[in-house]
K.L.:
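Got a structure here, written out as structure tokens. Questions coming.
All of these numbers come straight from a predicted model, not from anything done at the bench. Atom set for the values below is all heavy atoms of this structure, side chains included, hydrogens, waters and symmetry mates excluded.
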Amino acid sequence: MKLSKYVACICEGGAEKTIIELLLDSNSLIFSYDDLLEGEILRCCKARDFETQYLRKYFNEKVTVLRILDSRR
């Protein structure tokens, strides 16, 4: 899977965020902190809020959006 230059990694819960952080720290993912929007994992559950806060900015390339859901759902 090829990702865009910009990656928005949205984690719903704290456990999911911690797991992604551990994977990023060990370079076990196909993206790094440098690829992330704002350089961090995002905690934004509502699509409209995410769109307003992050996607209304100008990007010269596409943005890959990864949403990590709470595993207890």
K.L.:
Applying side chain to side chain contact (heavy atoms under 4.5 Å, CB included) between Val7 and each of Val65, Leu37, Leu66, report the one that passes.
P.N.:
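Single side chain to side chain contact (heavy atoms under 4.5 Å, CB included) partner of Val7 among Val65, Leu37, Leu66: Leu66.
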
K.L.:
For Ser4 and Lys62, which heavy atoms make the closest approach, and how far apart are they?
P.N.:
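Nearest pair, atom of Ser4 first, then Lys62: CB-O, 3.0 Å.
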
K.L.:
Leu42 and Phe50: side chain to side chain contact (heavy atoms under 4.5 Å, CB included), yes or no, with the steps?
P.N.:
CA-CA 9 Å; Leu42 307 174; Phe50 171 74; 3.8 Å; yes

K.L.:
Please say yes or no: joined through hydrophobic side-chain contacts below 4.5 Å, possibly via intermediate residues, are Leu22 and Leu36 part of one cluster?
P.N.:
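No, separate clusters.
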
K.L.:
Find the distance between CD1 (Ile30) and CG (Leu23) and round it off to the nearest 0.5 Å.
P.N.:
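Going from the CD1 atom of Ile30 to the CG atom of Leu23 covers 12.0 Å.
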
K.L.:
Out of curiosity, Glu16 CD to Cys9 SG, how far, rounded to the nearest 0.5 Å?
P.N.:
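The distance works out to 10.5 Å.
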
K.L.:
How long is the straight-line distance from CD1 of Ile20 back to OG of Ser28, given to the nearest 0.5 Å?
P.N.:
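The OG atom of Ser28 sits 10.5 Å away from the CD1 atom of Ile20.
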
K.L.:
Verify side chain to side chain contact (heavy atoms under 4.5 Å, CB included) between Ile68 and Ile10, making sure each step is shown before the conclusion.
P.N.:
CA-CA 6 Å; Ile68 314 299; Ile10 307 166; over 6 Å; no

K.L.:
To the nearest 0.5 angstrom, please state how far the CD atom of Glu21 sits from the CD atom of Glu40.
P.N.:
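If I round to the nearest 0.5 Å, the distance is 9.5 Å.
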
K.L.:
Taking all heavy atoms of Lys5 and all of Glu61, pick out the closest pair and write down the distance.
P.N.:
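Looking at all heavy atoms of both residues, the shortest contact is CB-OE1, 3.3 Å.
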
K.L.:
Measuring from Arg48:CZ to Gln53:CD, what's the distance to the nearest 0.5 Å?
P.N.:
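Taking CZ in Arg48 and CD in Gln53, the distance rounds to 14.5 Å.
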
K.L.:
Ignoring hydrogens and geometry, is there a side-chain-to-backbone donor-acceptor pair from Asp49 to Lys46 under 3.5 Å?
P.N.:
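No.
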
K.L.:
Do you know the tightest heavy-atom contact between Ile41 and Lys17?
P.N.:
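The answer is CD1-O, 3.9 Å.
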
K.L.:
What's the spacing between Arg43 CZ and Glu12 CD if we round to 0.5 Å?
P.N.:
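Between Arg43 CZ and Glu12 CD, I get 8.5 Å after rounding to 0.5 Å.
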
K.L.:
Run Leu24 and Phe31 through side chain to side chain contact (heavy atoms under 4.5 Å, CB included) and show every step you take.
P.N.:
CA-CA 8 Å; Leu24 281 166; Phe31 60 92; 3.8 Å; yes

